[in-house]
Peer 1: 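Pasting in a structure now, in structure tokens, and then I'll have a few things to ask.
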Amino acid sequence: MDDILNFDSLCVKEVKDPRTTAPHVLPIYATSSFVFDSIDQGIKIFSGQEEGHGYSRYGNPTVDAVAEKIAMMETYGLNMDAEALMFSSGMSAISTLMLASMREGQKILTQGNLYGGTTELFTKVLQPLGIYTVMTDLQNLELVEQLIDEEGDIGMIYFETPANPTLACVDIEGICRIAAHYGIKTAIDNTFCTPYLQQPFAFGVDFIIHSTTKYLNGHGNSIAGALVGRDVEFMQEKVWKVMKLAGTNCNAWDAWLVNNGMKTLALRMDRHSSNAMAVANFLEAHDKVGKVNYAGLPSHPDHTVAKKQMRQFGGMLSFELKGGLQDGINFMNQIKMCTLAPTLGDVDTLILHPASSSHINIPEKMRLRNGITDGLIRMSIGIENVQDIIQDLNQALEIV
Ligand SMILES: *Cc1c(COP(=O)(O)O)cnc(C)c1O
């Protein structure tokens, strides 16, 4: 066959390997489209009569395999079906879900201390489209019920637990019980926990969101997101349609990086959790440190709720220096091993000052109301030897 083609055509041709090509490790399908055997098959695939791939915005084997793995993780041991799709980012997963499920005039009931980008999406992008946001304290279940009665037309309860950066926890089961009573859908951002530490489907949640950019990838080398839904048909029809038409799909390379990272998820989450517990204990005992926010500490106001729904308490914590803002800045500048970077969930320990980074675009009043003070420092505890993390914090604390 190669002899029949002209040389320049040969240059263009994909080489087919007639031997077994079943790969041990998931390959990256770096292809925009897929070949049909016949027009007939093409018609069947595009009209949904036959399963198959046509165009990578609609679906890609690498991306599909990773989505399926995330769905398997979120439903692990729960004896239920769920469908997952991957997106170009965590934000893209959230916006696609909202475009697929909300109508003009409906409201999202949520908490004030969401990931900053999510608050902005709701108030700056969805609100002008007539999808309104009602913020409340989702820890107060009586208030939640009262608001549902008063507001009317709540289409979704959307929440995060533990929440950034004070690690406040919402009672997943409590929220889902109320939502089910009123026939309202629930969506949770499970980025901080991953399904290894917390499985929201076990408590009745309808949709689970991940910024896979964080712990699922774990190595800080891709931006992607996932949405897992218990209503398989809704995911395959409504959500998939918005994904392919809004073009919010994940690409094969980023999905593959998530896949690689997920292989060590259990090992990493165990170590993140035990390291964070040790660091939280160290900070709590230090005389220059005020409040320490870590859901694993018995002193945390939501420790009981956290224990009910989390297997371990994860790698995220935050604390306040007694000296406030200036001490916070001095401390950050004195840090040697830990990295100053505005992300979380990576293998190395990351430090962030929310007031000047992740929450800079959130109005000050709203920020302070949610415990994000000027002197608050957030840490994503890595998987290093914990003695080295504590040593770094200790030497920086000596200076302030
Ligand atoms: C980072 C993050 C997001 C947004 O994810 P991207 O992948 O950056 O779009 C959403 N929720 C939480 C909790 C996050 O930490």
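Both ligands and their constituent atoms are indexed starting at 1 by order of listing.
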Peer 1: Does this structure show an ion pair linking Glu384 with Arg271, if we count only N-O contacts that are shorter than 4.0 Å?
Peer 2: no
Peer 1: Does the side chain of Ser222 reach to within under 4.5 Å of the side chain of Val258, using non-hydrogen atoms?
Peer 2: yes
Peer 1: Once you restrict both partners to nitrogen or oxygen, which atoms of ligand 1 have a protein partner under 3.5 Å, and how far apart are they?
Peer 2:
| from | atom 1 | to | atom 2 | distance (Å) |
| --- | --- | --- | --- | --- |
| ligand 1 | 5 (O) | Ser211 | OG | 2.9 |
| ligand 1 | 7 (O) | Gly90 | N | 2.9 |
| ligand 1 | 7 (O) | Ser211 | OG | 2.8 |
| ligand 1 | 7 (O) | Thr213 | OG1 | 2.7 |
| ligand 1 | 9 (O) | Gly90 | N | 3.0 |
| ligand 1 | 9 (O) | Met91 | N | 2.9 |
| ligand 1 | 11 (N) | Asp189 | OD2 | 2.6 |
| ligand 1 | 15 (O) | Lys214 | NZ | 2.7 |

Peer 1: On a heavy-atom basis, which atom in Gly105 and which in Asp153 lie closest, and how many Å separate them?
Peer 2: O-OD2, 3.7 Å
Peer 1: Taking Lys291 first and then Glu320, would you say they form a salt bridge - that is, a charged N and a carboxylate O separated by under 4.0 Å?
Peer 2: no
Peer 1: Verify ring pair (Phe, Tyr, Trp, His ring centres under 6.0 Å) between Phe313 and His303, making sure each step is shown before the conclusion.
Peer 2: CA-CA 9 Å; Phe313 302 100; His303 181 60; 5.5 Å; yes
Peer 1: Just say parallel, tilted or perpendicular for the rings of Tyr29 and Phe34, cut-offs at 30° and 60°.
Peer 2: tilted
